[in-house]
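Every chain is numbered from 1, with letters handed out A, B, ... down the list of sequences.
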There are 2 protein chains.
Amino acid sequence: MRIAPNLALDERVNVLRSSGVDVLHLGFGEAGLPVHPGLVDALGAGSASNAYGPVAGAQAPRAAVAGYWTRRGTPTDAEQVVLAPGSKPLLAAVVACEPGDVVLPRPSWVTYASQVELFGRRTVWVDRPLGSGGIPDPALLPAALARARAEGATPRLVVATLPDNPTGLLARPDEVEALCRVAEAEDLVVISDEIYRDVVFGSVPFVSPADLVPDRTITVTGLSKSLALGGWRVGAVRFPDTAWGRALRGRVVGFASQVWSNLAAPMQAVAEYAFDEPADLVRHREASTRLHGLVVDAVHRIFARHGVVDVPPDGAFYVYPDFEPHRERLARHGIRDGSDLARWLLETHGLAVLEGEAFGDDPHALRFRAATSLLYGDTARRRSQALESADPLGVPHVARSLDRLDAVVAAATSA
Amino acid sequence: MRIAPNLALDERVNVLRSSGVDVLHLGFGEAGLPVHPGLVDALGAGSASNAYGPVAGAQAPRAAVAGYWTRRGTPTDAEQVVLAPGSKPLLAAVVACEPGDVVLPRPSWVTYASQVELFGRRTVWVDRPLGSGGIPDPALLPAALARARAEGATPRLVVATLPDNPTGLLARPDEVEALCRVAEAEDLVVISDEIYRDVVFGSVPFVSPADLVPDRTITVTGLSKSLALGGWRVGAVRFPDTAWGRALRGRVVGFASQVWSNLAAPMQAVAEYAFDEPADLVRHREASTRLHGLVVDAVHRIFARHGVVDVPPDGAFYVYPDFEPHRERLARHGIRDGSDLARWLLETHGLAVLEGEAFGDDPHALRFRAATSLLYGDTARRRSQALESADPLGVPHVARSLDRLDAVVAAATSA
């Protein structure tokens, strides 16, 4: 198994930077904001806990997670929740523990397909129209399932990312509804990856499959994105309160007990504090989301001005442009596919982005994901400055980075 | 996948206790001691770090781990090390990433065989004589390998636990040497699980396979046992500095990148502090090990007095008695195997222990593991009292628990 391409690119950029190369790093989906002091306090308060405790997590943090989902209109009991060191291990555990193959939207987050491969399952790729949210096109789904079954696959899980990585788009309610209807008709389980749910700034209303087909939806979340805690590794999953849901949860807990035991006890204290959503933390999260929205919008406008992207993102901190209109021009530089384009941008312009191929997209397509959140600055002080500013786009180091990006995109589209 | 039986028993005991049942809990391998303040400080100091960072862990904590092994006579570079949330995920990753089947000593720690099953490999069980350390009997190994190969297995990894769980015994240098000679002759990789390495109080000298066959040994450690940090989940692995070792490390990092990303950044700060082994922490560890030794010895003497165990443990915090001499007597209570015995001890005497079957032992055998470390007390104050006492066995709550254990063993062997 190769290292995940997003993590590999992040490591590569850090090596380049430490050797003095000035890289504009739009290659990694890290929230890039400081830790809220309440989270530091919660970690400290949890540091007396050193017992293993229950595999699923202690009652109190699970109850906090249940409250989080209940407040969002999905009634949840602590018994339906499992905590883990990140949402990533939970996604792996669900794939490992629910027999069958996995339907993924193309493009989608780099790790889904790798986990499917890891556990010897098949990925059934289903395209999604450019400009649509992170679900397989419901109109294409039935035929894709029939084709997959004819080839011996047994599709059972379908992944939705709401809002989406790599595009930042949020599937519209009617699209989510259509996906759920297909899931019902075809007896699929929906994995709803909602790790960016609290990083939404667009106008599309958020609808979770858990609200439409609660008995067949597994919801996953974590603190990495909305609270910038990627490096702290805190994730949670919600299972349906049905016989099947309880049994699958039991198998996932069994998997966890054999692979990672439990979320570190001090991190469970963090989870309890964060998922309780105290007012001060919510204000910090809202300020973070506002900043993400403003900078995503600025980056989107840069790409849109050069004609390589259309629909603006609704959430997360990504823009996913398509340089197809400039294929002929780019070919003169030897750029024939997405990897060529990403390499050229890094080597010639010092701009790090992750090619669409990493997300399962057509390797030939001239698409990449630009992660905007690392534009807030490369020191804690600069990030705080961006977060606290009334006009983050006017903060000098942010403005300089945006100008530099504009120049690179201009060069790439007129080279 | 069912929940690991040790974790399941721990959860069951906690439920029983919270419903008012007075359980003497010898069922779980938790070190049961307080967190050293230096570790709390290190966690706090690490709380500003919220970036993902490298999958293998940052340079500084990996260098600390390398120093730890180098000081023990195994020269190690930071590039050979990977950190993770526990040694458990690292063991899983090694099994997942090195093709072939796995040779395990019978009995051995509950999770090895489950991980082998999880990744669709076969376990080749090899008995070990009662009273010997945690390696498959080297004299039986060649024939067992030949038999396994004849049945289509492809044995590639062999696990050694030094010192051992569930018996607390440390394989003697000549036994480790013999194992390594077979590994060389049969082209096996040795996984040396050394998580109890710093919890040794017997007279058997510690020899690591990494010192005898460094090019084919993968060493695993963690902070759960020697520093009582089970609930903090900090583990590390060392790969050989060979082409094969570097390639396997690369695959393990790839696996990690798709399953758990990295050890939480604040926990990496803890790892850096702890593996640097500052004097104050080493004194605390030595005091902990002294306590483990004294209490294991007391528990061993209780069982030995009743004729159900012979060789005293060399390390860890386990005793593994065999009630075979009392089979006829126990049969009168309907006790015919190890599970019957463990159930009867819990239900009739409130003594929680884990039957040998959980460790792959013959289900028929009347053996179980008694974990002695939870005898230190069930509150932080009592545990500190036991740790700080010049005469821990004379501390009233410890003495009472030992008396109770003595009475239960007396009842079980004269019932």
| remark: Closest heavy-atom pair, B/Gly231 versus A/Pro266, reported as atoms and distance to 0.1 Å, is O-CD, 4.1 Å
| query | Of the listed residues (A/Trp232, A/Trp260, A/Phe255), which shares the most heavy-atom pairs with chain B below a 4.5 Å separation? | reply | A/Trp232
| said: Please rank B/Val110, B/Asn262, B/Leu229 by heavy-atom pairs under 4.5 Å with chain A and give me the top one. | reply: B/Asn262
| task | Pick whichever of B/Val55, B/Asn14, B/Val253 has the most heavy-atom pairs under 4.5 Å with chain A. | result | B/Val55
| task | Just give me the residue among A/Leu33, A/Asn6, A/Val270, A/Val35 that pairs up with chain B most often, heavy atom to heavy atom, under 4.5 Å. | result | A/Val35
| remark: Ranking A/Leu90, A/Thr111, A/Leu263, A/Asp10 by heavy-atom pairs under 4.5 Å to chain B gives rank one to A/Thr111
| task | Mind ranking B/Gly46, B/Gly86, B/Ala51, B/Ala265 by heavy-atom pairs under 4.5 Å with chain A and telling me who comes out on top? | result | B/Ala51
| request: Sort A/Leu39 into side chain, backbone, both or neither according to what part of it lies under 4.5 angstrom from a heavy atom of chain B. | output: neither
| query | Would you say B/Pro85 and A/Arg233 make side-chain contact, with heavy atoms under 4.5 Å? | reply | no
| query | Side chain, backbone, both or neither: which part of A/Ala48 has a heavy atom under 4.5 Å from chain B? | reply | backbone
| request: Flag yes if more than 12 heavy atoms outside B/Gln385 fall under 6.0 Å of its CD atom; otherwise flag no. | output: yes
| task | Please report the closest heavy-atom contact between B/Gln258 and A/Ala4, naming both atoms and the distance. | result | NE2-CA, 3.6 Å
| query | Looking at B/Ser257, B/Ala8, B/Ala264, which one has more heavy-atom pairs under 4.5 Å with chain A than the rest? | reply | B/Ser257
| said: Between B/Leu118 and chain A, with a heavy-atom cut-off of 4.5 Å, which part of the residue counts as in contact: side chain, backbone, both or neither? | reply: side chain
| request: Counting only heavy atoms closer than 4.5 Å, note whether A/Ser49 contacts chain B via side chain, backbone, both or neither. | output: backbone
| said: Given heavy-atom pairs under 4.5 angstrom as the criterion, report whether the side chain, backbone, both or neither of A/Glu11 touches chain B. | reply: side chain
| With a 4.5 angstrom heavy-atom cut-off, which part of A/Leu43 approaches chain B: side chain, backbone, both or neither? | both
| message | I need the residue from B/Gly120, B/Gly53, B/Ala92, B/Ala228 with the largest number of non-hydrogen atom pairs under 4.5 Å to chain A. | response | B/Ala228
| query | Of the backbone (N, CA, C, O) and the side chain (C-beta and beyond), which part of B/Leu91 lies under 4.5 Å from a heavy atom of chain A, both, or neither? | reply | neither
| query | A/Tyr112 versus chain B, heavy atoms under 4.5 Å apart: side chain, backbone, both or neither? | reply | neither
| field | Whether B/Tyr52 and A/Phe28 hold their rings parallel, tilted or perpendicular, with breakpoints at 30° and 60° | value | perpendicular
| said: For chain A, which candidate among B/Asn50, B/Val234, B/Val252 shows the most heavy-atom pairs at distances under 4.5 Å? | reply: B/Asn50
| Is chain A contacted by the side chain of B/Gln115, its backbone, both, or neither, given a heavy-atom distance below 4.5 Å? | side chain
